[in-house]
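Notes follow the structure.
To find a chain, count down the sequence lines: A is the first, B the second, and so on, and within it residues start at 1.
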There are 2 protein chains.
Amino acid sequence: MDATTARQPLRTRSWWGWGWTDAHPDDAECAAMGALIPGTLARPLPVPAVRDLRIGGPAVEPPPSLAPLVTADPADRAAHAMGKAYRDVARALRGRPGRIPDLVARPAGERGVADLLDWASAHGVAVVPYGGGSSVTGGVEYRGDAHRAVLSLDLTAMRRVLEVDTGGRAARIQAGALGPDVEDQLRPHGLTLRHFPQSFEFSTLGGWLATRASGHYATGRTHIDDFVQSMRVVTPAGTSGSWRLPASGAGPSPDRLFLGSEGALGVITEAWMRLQERPRHKASAAVAFTDFDAALRAVRDLAQSDLSPANCRLLDPGEAALSGAAHDGSAVLVLGFESAHEPVDTRLASAVSLARSHGGRHDGNTGGRGTAGTRGADAAVGAWREAFLRMPYLRDGLARMGAVAETFETAATWDRVPGLIDAVREEVGAAALRATGHPATVNCRLTHVYPDGAAPYFTVIAAGRPGDEAALWDDLKAVAVDVLHRHRATVTHHHAVGRDHRPAYDRQRPGPFALALRAAKGALDPHGILNPGVLVD
Amino acid sequence: MDATTARQPLRTRSWWGWGWTDAHPDDAECAAMGALIPGTLARPLPVPAVRDLRIGGPAVEPPPSLAPLVTADPADRAAHAMGKAYRDVARALRGRPGRIPDLVARPAGERGVADLLDWASAHGVAVVPYGGGSSVTGGVEYRGDAHRAVLSLDLTAMRRVLEVDTGGRAARIQAGALGPDVEDQLRPHGLTLRHFPQSFEFSTLGGWLATRASGHYATGRTHIDDFVQSMRVVTPAGTSGSWRLPASGAGPSPDRLFLGSEGALGVITEAWMRLQERPRHKASAAVAFTDFDAALRAVRDLAQSDLSPANCRLLDPGEAALSGAAHDGSAVLVLGFESAHEPVDTRLASAVSLARSHGGRHDGNTGGRGTAGTRGADAAVGAWREAFLRMPYLRDGLARMGAVAETFETAATWDRVPGLIDAVREEVGAAALRATGHPATVNCRLTHVYPDGAAPYFTVIAAGRPGDEAALWDDLKAVAVDVLHRHRATVTHHHAVGRDHRPAYDRQRPGPFALALRAAKGALDPHGILNPGVLVD
């Protein structure tokens, strides 16, 4: 038993919903939330049970050599059937989950992964790589019936930090390590990967790499891509290992082909990752704005300054109210600075001053000043943080009330950001009203900001369509994706393409790049077993 | 006539050597330099003349529709036969340049590029994309005879900044714009691409992108890759255009496949590039070290600090002496800070203080303090900068004396850097002594530093092997490349693979990535006309 399992000995992961079962809202909480949204159910849908799914036996059996790595346990298979998008939860609640995989494999190392791929290639078995299972875009769900059977390749038995280069601030980490696995093993070295997506507890390094996750910093190097020193990837055509290099100009970057490949080109087994020293100095503050457009300009100026805030998240009035950061109709900018070396109060003060010059209001109260561990004083910052981690659980509670509650994110250049946000609010709101007869909530926050643009992140809460909630969401999402396309905003900033975003992705990516990617897929996965339906056919 | 040609109306580019003919050292200067190096010639080799090459007619004729874009002028063709590596210069001096292309084309836009590729694909004509022609790795030279003819595709007629997004700090720039073209057109907007490689005057945006050039900053975002917002690339299979996005997580990055593709996958025609505000505050300083290993540790600490120097170049004692930065056997660290927003003196002082804590000596004199345009006070910094720009001209002067004078660069993680530098010095020095009977100079500087490693850049000056200088250099380079490979240091940090580095690149890149790249090449360039011999076969 390692440190991580020892820390949380009694908690159980939900097979159908977000995170830990003991963190789910109970029936009374669900009902209380549902009462706030006109048009939802009178009482919560029951928590779904695996036994109701009537899962049959697997269509294939692994050879004896692989049997120790593989299970056909129905509960395990059910838990690997889907990711954790709203539409996955809604389908599970209605007893219609995605295709249940025939087998779940948990290899202990690269050799096991390679053996499984060899067997799957020879027998036409689809392999769906699975990390923490937190995909919100259908990334870990098999669709269709072109394969003889489906194997969910769960990498979480490969969760160790294998080497740490303290002087060079890097570590070799297995792909199946969940966020806490990574940080627990790096902490004794005074180092951190500092990758803190909302899914931190329930997503893995391999998943972050395969989906080009963000969560590092709100400015600068926002995506995990930039922290990769080298990677190992097992493909049906052999194992790819890049050299540990701080930088290289030798041809197109090999790592960048596998980053974002979503399991379609190979299975990432480990990576040398660039680390940070643990921050010793932190400071945060919240700035309120009456004028959202002025707040956008403030955030753009901050992104174009030298100040490099670690957090720079702008909540629109609805999002600020939803998270408890403000209740007076203000937009709220949550700012955070940190450093391993020097106090950051001066940078924070400069940022607050810049925000004020755009009409921002700050009460002089800053949080987390001084060394790390000090509790932040700013209530808005704290409220937002707690709401952030609690949000997916509340989403599932709303889903039990038959409501639609989901998020999606994008990115666009600054010239397009204001019009894009307005259009999403208007068109998705109007579509929800048409479909349900009730007004919907469409909020926006900027999660990441760049000198040349920003990543708006939308929250949609609407009444559902009883018995047909997932399809209703699909309809609303189609409206949203159409707005994104017209504004040339990416279909995803950091939640990947998966299966849900395929049509939009196919329209977005350049045609010749699609040709190249398809050719690469054919060369590395000639039998087409790797995560079929993702990225290329 | 545009601003750029007006600025330098009378200067002539050398067809065989670096840069402007009027900047070449004259015979007396060459002789004086040669006298410093035992074993060189008594008098300089004559400047080579195109007429001595006896260039025949082209093997193909373009169709009338393309004729206005194409020339068969011998001088033009000779100037497009090779890049500007030492081995190119040495071969030209001995009257043995690389294969002279049959034709040189200068399309005025994307349509012309596409038409030329269509024609070349249909007629088996090799197309070698050509920007400023400053390749030092054989990137613009056709080798072999598998094609019916060779077309050098010169993009410098496409040199305009087409759009500027001032608020979003970005510009759409044609690929054939040379460094001064770019900066001259951005200056009125208060913006800069701030890409200043040594070849700035003689290299293009398209060349920088195709080779993943560096030159931006000595720390942080060192390569041009990170400044690309979107690109257009003409391939024989169609034109690829990515969306302008500040960030995206939609599949593997399309741009990253073409960045570093060296003309083998397509011809980059334009890009939206992220820009900087022009710096208003600058400060620089030089710090001397007696102990080179201590200097390495200082530089590593600087790279791991929050200070982000724009320049952070460490010259070893030989390099410091060669450039005039120090003559007492010290290593010299050249530091530079800049900002568009705030004075940088504090950051400079912190950096100098950090360097002192590792035994660095600083006389308290810093240069360039205050607003831009102020002349730096620090003689070492100024000496180094001037030597930096003059170096390639002096290299050619030494070549005329029959000497070997060349550079190469790499990158490695910090744990490998000291041993790598020692091994290159020893093994290349020993090989030169064996080959020529004279001791050689092997110097090193760090041009770019990272939290996890550094980019050592080596200068080799040795007596030649009369009449066989290029082959001697090939022998020495092979020794160097073998050292790099044993130390798992990249064959190139920013000078690309070209044809010279192909064998080492083939050993360095992961096998499955090579399969994917070959497949992508086959899909985009089915007739194999694009820069044959580069990256993949």
Note, His341(A) side chain near Leu354(B) side chain (heavy atom, < 4.5 Å): no
Portion of Ala454(A) that has a non-hydrogen atom of chain B nearer than 4.5 angstrom: backbone
For Asp415(A) against Arg244(B), the heavy-atom pair lying closest together: OD2-NH1, 3.9 Å
Side chain, backbone, both or neither of Leu517(A) within contact of chain B (heavy atoms, under 4.5 Å): side chain
Residue part contacting chain B, namely of His493(A), when any heavy atom lies under 4.5 Å: both
Closest heavy-atom pair and its distance - Arg169(A), Gln304(B): NH1-O, 3.2 Å
Top of Gly167(A), Gly522(A), Gly498(A) for chain B proximity - count of heavy-atom pairs under 4.5 angstrom: Gly167(A)
Most contacts with chain A, counted as non-hydrogen pairs under 4.5 angstrom, among Arg509(B), Lys521(B), Arg518(B), Gln229(B): Gln229(B)
For chain A, the option from Ala170(B), Ala504(B), Gly241(B) that forms the most heavy-atom pairs under 4.5 Å: Gly241(B)
Leading residue by heavy atom contact count with chain B [cutoff under 4.5 Å; candidates Ala455(A), Ala489(A), Ala303(A)]: Ala489(A)
Between Trp243(B) and His485(A), ring centroids under 6.0 Å: yes
Closest non-hydrogen atom pair between Leu245(A) and Arg488(B), with its separation: CD2-O, 3.6 Å
Chain B-proximal positions within residues 246-254 of chain A [heavy-atom distance under 4.5 Å]: Pro246(A), Ala247(A), Ser248(A), Gly249(A), Ala250(A), Gly251(A), Pro252(A), Ser253(A), Pro254(A)
Partner chain A: residue of Gly260(B), Gly220(B), Ala519(B) with the largest heavy-atom pair count (under 4.5 Å): Gly260(B)
Choice from His495(A), Arg300(A), Glu262(A), Glu277(A) maximising heavy atom contacts with chain B below 4.5 Å: Arg300(A)
Region of Glu409(A) in contact with chain B, defined by heavy-atom distances below 4.5 Å: neither
Atom group of Arg274(A) that falls short of 4.5 Å from chain B, counting heavy atoms: side chain
Pairs of heavy atoms under 4.5 Å with chain A: top-ranked of Ser350(B), Ala412(B), Gly511(B): Ala412(B)
ring-ring contact (aromatic ring centres under 6.0 Å, His included) partners for Phe408(B), two or more places apart: Phe458(B)
Closest non-hydrogen atom pair, Leu515(B) against Ala237(A): CD1-CB, 3.8 Å
Atom of Ala516(A), atom of Leu257(B) and distance for their closest heavy-atom approach: CB-CD2, 3.7 Å
Check: Arg221(B) and Asp226(A) side chains under 4.5 Å, non-hydrogen atoms: yes
Distance in Å, Asp225(A) CG paired with Arg256(B) CZ, rounded so as to fall on 0.5 Å steps: 7.5 Å
Distance, nearest 0.5 Å, that separates CZ of Phe513(A) from OG1 of Thr235(B): 13.0 Å
Partner chain B: residue of Gly453(A), Ala523(A), Ser339(A), Ser240(A) with the largest heavy-atom pair count (under 4.5 Å): Ser240(A)
Contact leader toward chain A among Thr137(B), Leu265(B), Thr413(B), Leu275(B), where contacts are heavy-atom pairs under 4.5 Å: Thr413(B)
Side chain, backbone, both or neither of Asp165(A) within contact of chain B (heavy atoms, under 4.5 Å): side chain
Heavy-atom pair with the smallest gap, counting every atom of Asp306(B) and Glu342(A): OD2-N, 4.5 Å
When Leu535(B), Leu524(B), Val536(B) are compared by non-hydrogen pairs under 4.5 Å with chain A, the top option: Leu524(B)
